Amino acid sequence: MSEILKIDVVTIFPQMLNGFLQESMMKRAAAAGLVEFRAINLRDFTTDKHNTTDDRPFGGGPGMVMKPEPMFAAVESVKTPESRVILMTPQGKTFRQADARRFADECSHLIFICGHYEGVDERIRESLVDEEISIGDYVLTNGVLAATVVIDAVTRLRPGVLGGGEVATEDESFSSGLLEYPQYTRPPEFRGMPVPEILFSGDHGKIAEWRYGQSLKRTSERRADLLGGHRKNSENNP
Ligand code: ADE
């Protein structure tokens with residue numbers, strides 16, 4: 001795994017990224033040199049005086065299509081043999097924790113292509129993009145929002161990014177293939193609602209067993225679709 005993860009985001013709204021990058025985990029990760037973010041303004045790669053990034057579809061029909069020339073130029077300005085080029089689109093494969101883990105573990109350079117309303121010229125898909133990712137079955141006006149979701153989920157899994165009590169654990173939802181078990185903190189009783197007795201027992205084996213049972217119950221009640229893919233390991237499954 002490389003020391004630093006470089007992330008480039010190609011967009012016509014580079015300033016949309018800034019708010020997100022200048023807060024909390026992202027800001028700390030960048031300041032610590034663990035990740036390096038760059039917003040790449042697609043308009044800087046246009047050659048006409050109107051800085052055109054999209055055009056009408058050949059064959060007619062509604063909407064606009066993002067042009068290939070500025071997109072190829074923008075991506076090629078930062079692409080290396082190590083880069084993974086990801087197109088954010090509702091037509092992509094649905095993003096999951098396993099994808100976040102794969103990007104965090106295997107990639108040293110991610111380039112996100114973000115559309116705005118319209119689709120992209122098919123030649124971008126065919127020969128510029130390695131992977132198409134959707135964050136869910138709904139349509140956003142802007143792929144930047146979707147890219148920030150993926151960037152957040154990936155960055156927090158990079159070594160050293162979470163600290164001071166926050167850790168990406170095997171127990172958190174989706175990492176083990178199950179939803180997380182219920183968590184409690186002080187006080188031991190709140191408004192007549194007590195914390196389950198087992199959690200005060202000091203018996204770590206029994207606590208792990210209880211938590212695993214709760215995770216299974218919660219997953220089967222809320223997300224039975226996850227149960228097939230849930231991986232057994234000794235840490236989670238006593
Ligand atoms: N762009 C627009 N909608 C999107 C979605 N659901 N996922 C990824 N990118 C998108």
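Whatever order the structure lists them in is the order used to number ligands and atoms, beginning at 1. Treat the numbers as computed from the prediction; the structure is a model and nothing was measured. All heavy atoms count here, side chains included; hydrogens, waters and symmetry mates do not.
Between Asp99 and Arg96, none of the side-chain N atoms (NZ, or NE/NH1/NH2) sits under 4.0 Å from a carboxylate O, so this pair counts as no salt bridge. Using a 4.0 Å cut-off between charged side-chain N and carboxylate O, Glu131 and Arg102 make a salt bridge.
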What are the polar N/O contacts of ligand 1 with the protein below 3.5 Å, with distances?
| residue | atom | partner | partner atom | Å |
| --- | --- | --- | --- | --- |
| ligand 1 | 3 (N) | Leu140 | N | 3.0 |
| ligand 1 | 6 (N) | Gly136 | O | 3.1 |
| ligand 1 | 6 (N) | Tyr138 | O | 2.8 |
| ligand 1 | 7 (N) | Ile135 | N | 3.0 |
| ligand 1 | 9 (N) | Thr89 | N | 3.2 |

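Hydrophobic cluster membership of Met193, counting Ile, Leu, Val, Met, Phe, Trp and Tyr whose side-chain heavy atoms lie under 4.5 Å apart directly or via other members: Phe190.
When each of Lys67, Met64, Arg43 is checked for a side chain to side chain contact (heavy atoms under 4.5 Å, CB included) with Thr53, only Arg43 meets the rule. Checked options Arg218, Arg223, Lys217; the residue passing with Glu221 is Lys217 (criterion: salt bridge (Lys or Arg N to Asp or Glu O under 4.0 Å)).
Taking the six-membered ring where the residue is Trp, Phe95 and Phe103 present parallel rings, their angle staying beneath 30° rather than reaching 60°.
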